Amino acid sequence: MYALIAAVPLVLALVLMIAFRLPAAKSLAASLSVSIILGLLVWKMEVITVLAYGILGFLSSWDVLLIIFGAILLLNTLKAAGAIEAINAGFRNISTDRRIQIIIIAWMFGAFVEGAAGFGTPAALAAPLLVGLGFPPAAACIAALGANSTPVPFAAVGTPSLTSIAALAEDIAAAGGTVEAWTKEFSRLTSIFLGAGGLLVPFQICAIIVVMFGKERKLRSVLEILPFALFSGAVFVVPYHLLGTFAGPDFPSIIGSLIGLGAVIIAAKFKFLTPRHVWDFPGASGPAVEKVPEALTPKMSLLKAWSPYVIIAALLLITRIPALGIKGLLQSVKIIIPNILGVEGATYSFAAPYNPGIFPFMVISLIAGLLFGLSFKETGRIWRGTMRQITAVAIALFCGVVMVQIMRYSSVNQSGLPSMLQQIAASLANGVGRVFPLVSPLIGLIGAFVSGSCTVSGLLFSPLQFETARMLGFNTAGIIALQMAGGSIASIISINNVIAVTSTTGATGSEGKILLVNMLPCFIYYVLIVITSAPFFFF
């Protein structure tokens, strides 16, 4: 009975988002209110305890929010300066084959944008670019969404993963592990579970576009892109896995995609593994790529346009490698608020210099704005616009983190009941048992599908999945990796993402068709995740 009561805040959030189509911010605000009421009346928590852990959750939210703000701020700064226009123009003269354009722009460039900014920006940038190159709007949307999966857990320099890790830090310590060792294992397994399927993503999206929008030689057009598509999957997935294994969750997407993007562009230029036949949409007039008129050619060079992202990638590497000593120095400068409101254990710690949202993203945004000639007035407008842009995300994040904190620490009560999360986990463990690894990615998928965010899904369900895995004796890092994998592939069909790409490409009204088509690659990816992860849990 108590497990059902404890599940009410989580179920309410899902119902409000699915049945009533309320945004995540409003849904999580309602769920937070319910969790507080349950904590006070059913679990008999003291008011001071609820307030203390609520404040702790609010403060902890800022760690993640600063990363989101910094990543989107840089993107907005580069847009205003014309750097994104220059980057887009650089893609136009690489290949006339639509399949190769899909791989370079939707898969590789989309992966880079996901690693650098995340939060729906990759598809929203890639899809309009494809339309600008002559793609039918529906095709552009399907390709951009279908490619946005593998990089997601390490988006915005690892925000979805780092959010879940921060939420689980005390649970990891209580289970006898260290956060650093657990994070390394989690990052490694996430890169394996998603990387295996990622090898096939470029081929999968090309095949779907050819079959749906081609009229002749469909099978041949699909098969002849296979070698180049597999190469394109490998040059991203291999560094993605190596970085996930040896460098942690900050780097796999942003640096792996930079490596892969360079490799694929060079391969396309030198026609390495590219099909002899150039595929285009039926009835297309003129070449797929035309020389950009001089009047429309961006004034900024490609080197200058890419330089902020390259510098950020280098700074992240330098400041995250322990052997260089900079990581420890940055982490040592902390703001610590011990025992909030006198509640023992409710302690907040924040290493501001180590937060990537502040350094390097905000710092490089300011420098880039000055070097690219933006005025102080324009810079201020960009900062204010970014703040408004992330308002809904901030509210959802605040409410979600506070709710999870209260549900986790509801064990600090006068009723003698285990915490809400422990109650749900015990019920889930008894009901699902040893097949839990098959269910785990579906939980992450549902959470991200309805909330539109892998980060929010992890925030809601990672503590529950961790506790269930602990009770069943499964590797907790592996189960949370499955949670992240499920949340990542949900980006392919997330309603929020579908609406974002259709509204920016003129494909409004095609949402149902796009969603239906992309359910197939999403399902295939889920099956690949289950197959890849099975040896880690069942053998």
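From a predicted model like this one, the values you see are computed outputs, not experimental measurements.
Taking every heavy atom of both residues into account, I254 and D250 meet most closely at CG2-O, 3.9 Å. Closest non-hydrogen pair, L243 versus G256, comes out as CD1-N, 3.6 Å. For A469 against I479, the heavy-atom pair with the smallest separation is CB-CG1, 3.5 Å. Among all heavy-atom pairs drawn from S491 and L145, the shortest one is O-CD2, 4.0 Å. Pairing each heavy atom of I489 with each of C522, the nearest pair is O-SG, 3.5 Å. Closest non-hydrogen pair, L10 versus M403, comes out as CD2-CE, 4.0 Å.
Contact check for K327 versus Y354: side-chain heavy atoms found under the 4.5 Å cut-off. Looking only at side-chain heavy atoms (C-beta outward), T245 and S191 come within less than 4.5 Å of each other. Residues F350 and I336 are not in side-chain contact: their nearest non-hydrogen atoms beyond the backbone lie 4.5 Å or more apart. Taking 4.5 Å as the limit, some side-chain heavy atom of I312 sits within range of a side-chain heavy atom of F361. In this structure, I100 and I225 have side chains that are in contact, with non-hydrogen atoms separated by less than 4.5 Å. Counting only heavy atoms from C-beta outward, the side chains of F537 and L482 approach each other to under 4.5 Å. Side chains of F449 and I493 form a contact here, defined as non-hydrogen atoms less than 4.5 Å apart. Counting heavy atoms from C-beta on, the side chains of I105 and L133 come closer than 4.5 Å.
The side chain to side chain donor-acceptor pair (under 3.5 Å) test applied to S164 returns S462, not counting sequence neighbours. By the salt bridge (charged side-chain N to carboxylate O under 4.0 Å, His left out) test, E224 is found to be paired with R99, R217, residues two or more places apart in sequence or in another chain being considered. Judged as a side-chain contact (heavy atoms from CB on, under 4.5 Å), and not counting sequence neighbours, the contacts of F272 are F231, A267. Checked against side-chain contact (heavy atoms from CB on, under 4.5 Å), I208 has the following partners two or more places apart in sequence or in another chain: I142, Q204, M212, V517, P521. Taking the salt bridge (charged side-chain N to carboxylate O under 4.0 Å, His left out) definition, one finds that D63 meets it with nothing, sequence neighbours left out. Residues passing the side-chain contact (heavy atoms from CB on, under 4.5 Å) test with L200, sequence neighbours excluded: L230, L528. Residues passing the side-chain contact (heavy atoms from CB on, under 4.5 Å) test with L315, sequence neighbours excluded: I311, F359, P360, I364. Taking the side chain to side chain donor-acceptor pair (under 3.5 Å) definition, one finds that S440 meets it with Q465, sequence neighbours left out. With sequence neighbours excluded, no residue forms a side chain to side chain donor-acceptor pair (under 3.5 Å) with Y53. Residues satisfying the side chain to side chain donor-acceptor pair (under 3.5 Å) test with Q422, not counting sequence neighbours, are S419.
Interatomic distance, CG of L65 versus CZ of F58, reported as 9.0 Å (0.5 Å rounding). Taken to the nearest 0.5 Å, the CZ atom of F436 stands 11.0 Å off from the CE atom of M471. For the atom pair CG of N430 and CG of L472, the computed distance is 8.0 Å after rounding to the nearest 0.5 Å. In this structure, CZ on F109 lies 14.0 Å from CD on Q101, to the nearest 0.5 angstrom. The CG atom of D97 sits 9.5 Å away from atom CD1 of I104, with the distance rounded to the nearest 0.5 Å. Taken to the nearest 0.5 Å, the CG atom of L366 stands 7.5 Å off from the OG1 atom of T77.
Under the side-chain contact (heavy atoms from CB on, under 4.5 Å) rule, V152 has a single partner from S253, S488, S161, which is S488. Checking each of V456, I390, V64 against L397 for a side-chain contact (heavy atoms from CB on, under 4.5 Å) leaves exactly one that passes, namely V64.
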task: Mind running ring-ring contact (aromatic ring centres under 6.0 Å, His included) on F112 and W306 for me, showing each step along the way?
output: CA-CA 11 Å; F112 175 76; W306 276 103; 5.1 Å; yes
message: Before you tell me yes or no, could you show the steps for L460 and L28 under side chain to side chain contact (heavy atoms under 4.5 Å, CB included), namely the whole-Å CA-CA distance, both residues' side-chain angles and the distance that decides it to 0.1 Å?
response: CA-CA 10 Å; L460 285 175; L28 289 173; 3.7 Å; yes
- prompt: How far apart are the C-alpha atoms of L74 and Y309, what are their side-chain angles, what is the distance that settles it, and do they pass the side chain to side chain contact (heavy atoms under 4.5 Å, CB included) test?
  reply: CA-CA 9 Å; L74 178 64; Y309 281 125; 3.5 Å; yes
- prompt: Can you list the steps and then say if T274 with S95 is a side chain to side chain contact (heavy atoms under 4.5 Å, CB included)?
  reply: CA-CA 10 Å; T274 58; S95 173; over 6 Å; no
message: Before you tell me yes or no, could you show the steps for Q389 and I72 under side chain to side chain contact (heavy atoms under 4.5 Å, CB included), namely the whole-Å CA-CA distance, both residues' side-chain angles and the distance that decides it to 0.1 Å?
response: CA-CA 9 Å; Q389 189 176 345; I72 296 177; 3.6 Å; yes
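With hydrogens and angles disregarded, no donor-acceptor distance shorter than 3.5 Å links the side chain of S187 to the backbone of K184. Counting only distance, with no hydrogens or angles, the side chain of T468 and the backbone of L464 share a donor-acceptor pair below 3.5 Å. A donor-acceptor pair is defined here as one N or O able to donate and one able to accept, closer than 3.5 Å; no such pair exists between the side chain of S411 and the backbone of P418. Between the S332 side chain and the L329 main chain, a donor and an acceptor come within less than 3.5 Å of each other. Put simply, the side chain of S494 never gets that close to the backbone of A490: no donor and acceptor are under 3.5 Å apart. A donor-acceptor pair is defined here as one N or O able to donate and one able to accept, closer than 3.5 Å; such a pair exists between the side chain of S457 and the backbone of G444. At least one donor-acceptor pair closer than 3.5 Å links the side chain of T183 to the backbone N or O of V179.
For CG of L303, the number of neighbouring non-hydrogen atoms (other residues, nucleotides, ligands) closer than 6.0 Å is 12 at most. Around CH2 of W182, the count of heavy atoms belonging to other residues, nucleotides or ligands within 6.0 Å exceeds 12. Residue F538 qualifies as enclosed at atom CZ: its count of foreign heavy atoms under 6.0 Å is above 12.
For residues 443-467, the salt bridge (charged side-chain N to carboxylate O under 4.0 Å, His left out) pairs, not counting sequence neighbours, are E467-R470. Sorted by first and then second residue, the ring-ring contact (aromatic ring centres under 6.0 Å, His included) pairs involving residues 235-262 (not counting sequence neighbours) are W107-F236, F154-Y240, F236-Y240.
In this structure, F536 has its ring center closer than 6.0 angstrom to the ring center of F193.
Counted by atom type alone, Y525 and T150 present one or more donor-acceptor pairs between their side chains at under 3.5 Å.
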